Participant: 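My structure is below; once you've seen it, I'll send some questions.
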Amino acid sequence: MTLCLNGAKILLGITGGIAAYKSAELCRELTKKGANVRVVMTKGATEFITPLSMQALSGNPVHIELLDSSAEAGMGHIELAKWPDLIVIAPATANFIARYSQGLADDLLGTLLLASTSRVALVPAMNQAMWLNPLTQRNINELLRIFQKNIDIWGPQNGEQACGDVGPGRMLEAKEICSNVEGLFSCKNPPVIGKGELFGKRVIITAGPTREAVDPVRYISNHSSGKMGYALAGACRDQGAEVVLISGPCYLDCPESVQRVSVISAIEMYETVMKELNLGCDIFIASAAVADYRPLHLSDKKIKKNGEADMSIALCQNPDIVASVASTPHKPFTVGFAAETNDLIKYAAGKLKKKNLDMIIANDVSNPSIGFNSEQNEVHVITKNDQIKLERKSKSNLSIEIVNLIIKHKLSAC
Ligand code: C5P
């Protein structure tokens, strides 16, 4: 059997109707196709089918209460709202549809739907008169009007109902719902499988060296290759973020689907960061090796030898970009780097505090096999209350781990 839903994260919402028994089969069908299913039940649903059955069939804990400390300790309701690629509500009762169309958030399922940006498929099930009632039709039309392409209404079918009535209101069979789900994931506009923990977030990353012009042909710079920043841009993109990479001069290809803005000097990098920050930023990662100083005077002509054995260039300080970002009123989650040759942890922890950062990545640049211009790196990730060593590995694997830590700390911060 092909696992055509392999990796799809599906939140199955079950509300309180007699058709809830079909949800057990639906859950089994979805998991058989490779989907990862998490079940949320309303109180009413638990009268028709037991949470224990749904837990056994989905292989995941079932979520019922909005304020349940043990469930929140596993996956909190906001985390749960961000988790799915698709939310399927089956059965969706008339009462639930009315409450959803009003945006009510007085139970777990209502709250999740309000907090989630995932696509929703509603599978109505109710008595035919209730379905045909203009109030229910108005509620369905309101949902379609508001959510447009982000909502699907599957069914109901015509037929005999549990109460003996005949008409529209029967919930689709599990196999049919499952094939609709498969159809969604293979259509032109599918829910994005694994859209990631940073979906909907805007991340700004600085990378590479800066060049500080001395005259038209000379500059002051450093050995940064930009590899770490570019790898972080790819890792954030893979978690679904919109990524803006503000890069000093380096010879790397821009990762796909990342917006690169190329700059040369620290002043240019500073101005670009501030401009992009105004367009919105949830996470700022400063991996650039920004020159701390620039020549005080930029000569517009090539400086000639003056015949003396010594010469000096007066320097002035560049703005500290990451500290400026961290001092803005709506500061994003701000991550800095500390490249040190000695007393790594002490200096890095000092910078974390002084620059008001949320996280600092410390690396030892006295070792040429890691850090500047090398393929690999090993770092210490330091936050106010935590310090973790990430062992030596490729910069791309390391950035996946760093981004996971950023997600963990950012989630616990909000
Ligand atoms: O103080 P130091 O230069 O060691 O701090 C390193 C951190 O600060 C890095 O995250 C670097 O990108 C950032 N930085 C900056 N602007 C500067 C200097 C450093 O954003 N002018």
Side-chain angles (χ1 to χ4, degrees), residues 203-213 219-233 235-236 243-250 252 260-277 281 283-296 315-328 331-366 370-373 377 379-384 390 395 398-399 402-403 405-406 409:
V203 179
I204 301 177
I205 301 176
T206 65
T210 63
R211 283 184 191 166
E212 310 302 321
Y219 57 78
I220 299 170
S221 192
N222 58 63
H223 291 296
S224 167
S225 62
K227 282 175 194 153
M228 197 66 229
Y230 277 58
L232 283 163
C236 289
V243 184
V244 181
L245 178 62
I246 301 173
S247 171
C250 46
L252 300 170
R260 177 168 59 181
V261 185
S262 297
V263 297
I264 309 273
S265 66
I267 292 283
E268 215 187 323
M269 185 174 272
Y270 169 81
E271 285 169 355
T272 310
V273 165
M274 291 305 159
K275 201 170 108 203
E276 289 294 335
L277 203 65
C281 178
I283 298 168
F284 178 72
I285 306 176
S287 72
V290 184
D292 291 324
Y293 292 90
R294 66 181 183 278
L296 182 59
L315 300 174
C316 63
Q317 209 166 11
N318 274 324
D320 191 312
I321 301 171
V322 75
S324 308
V325 170
S327 68
T328 53
K331 169 191 170 205
F333 188 89
T334 307
V335 183
F337 274 73
E340 308 290 347
T341 53
N342 54 292
D343 296 312
L344 182 63
I345 305 295
K346 188 176 120 198
Y347 284 140
K351 280 178 194 173
L352 177 83
K353 201 162 169 215
K354 186 164 160 240
K355 300 192 186 208
N356 191 28
L357 308 180
D358 298 294
M359 179 181 281
I360 195 155
I361 319 288
N363 67 321
D364 178 355
V365 284
S366 67
I370 53 173
F372 267 26
N373 228 339
N377 208 351
V379 298
H380 296 260
V381 179
I382 305 169
T383 58
K384 205 165 137 200
L390 300 180
K395 286 184 175 172
L398 197 66
S399 39
I402 292 174
V403 170
L405 286 172
I406 291 174
H409 283 275

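Not measured: the values here are computed from a predicted model. Order of listing sets the numbers, starting from 1, for every ligand and every atom in it.
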Participant: Could you tell me which non-hydrogen atom of Val290 sits nearest to which non-hydrogen atom of Ala266, and how far apart they are?
Facilitator: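 Taking Val290 first and Ala266 second, the nearest heavy atoms are CG1-CB, 3.5 Å.
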Participant: Write out the residue and atom name of the closest protein heavy atom to atom 6 (C) of ligand 1, then the distance separating them to 0.1 Å.
Facilitator: Phe337 O, 2.9 Å
Participant: Under 4.0 Å from a heavy atom of Gly336: which atoms of ligand 1 are those, numbered in the order shown and with their elements?
Facilitator: 10 (O)
Participant: Which heavy atom in Ile360 sits nearest to a heavy atom in Leu352, and how many Å separate them?
Facilitator: N-CD1, 3.7 Å
Participant: Heavy-atom distances under 4.0 Å decide this one: backbone, side chain, both or neither, for Ile360 against ligand 1?
Facilitator: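 The answer is neither; Ile360 stays 4.0 Å or more away.
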Participant: Would you say Lys355 contacts ligand 1, with heavy atoms under 4.0 Å as the rule?
Facilitator: yes
Participant: Residue-level breakdown please: for Pro319 versus ligand 1, do any non-hydrogen atoms fall below 4.0 Å on the side chain, on the backbone, on both, or on neither?
Facilitator: backbone
Participant: Given side chains that start at C-beta, do those of Ile220 and Leu315 come closer than 4.5 Å, heavy atoms only?
Facilitator: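 Yes, close enough: below the 4.5 Å cut-off.
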Participant: Any nitrogen or oxygen of Ala289 lying under 3.5 Å from a nitrogen or oxygen in ligand 1? Just yes or no.
Facilitator: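 Between Ala289 and ligand 1 (N or O atoms, distance only) the closest approach is not under 3.5 Å.
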Participant: Which atoms from ligand 1 have a heavy atom of Asp292 less than 4.0 Å away?
Facilitator: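 Checking each atom against Asp292, I get 3 (O), 18 (C).
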Participant: Any nitrogen or oxygen of Ile321, side chain or backbone, less than 3.5 Å from one on ligand 1?
Facilitator: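 Yes.
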Participant: If you measure every N/O of Glu340 against every N/O of ligand 1, is any gap under 3.5 Å?
Facilitator: no
Participant: So, Asp358 side chain and Thr334 main chain: donor-acceptor pair closer than 3.5 Å or not?
Facilitator: yes
Participant: What do you reckon, does Val335 have a nitrogen or oxygen under 3.5 Å from a nitrogen or oxygen of ligand 1?
Facilitator: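 Not met; the criterion fails.
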Participant: Relative to the heavy atoms of Lys351, which atoms of ligand 1 are at a distance of less than 4.0 Å?
Facilitator: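 Per the distance check, 1 (O), 2 (P), 4 (O), 5 (O).
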Participant: Going by heavy atoms, is Ala288 under 4.0 Å from ligand 1?
Facilitator: yes
Participant: Just distances here: any N/O of Ala338 and N/O of ligand 1 closer than 3.5 Å?
Facilitator: no
Participant: Counting each atom of ligand 1 from 1 as listed, which ones have a heavy atom of Val322 under 4.0 Å away?
Facilitator: 8 (O), 13 (C), 15 (C), 20 (O)
Participant: Check whether the side chains of Ser265 and Tyr219 place a donor and an acceptor atom closer than 3.5 Å, and report yes or no.
Facilitator: no
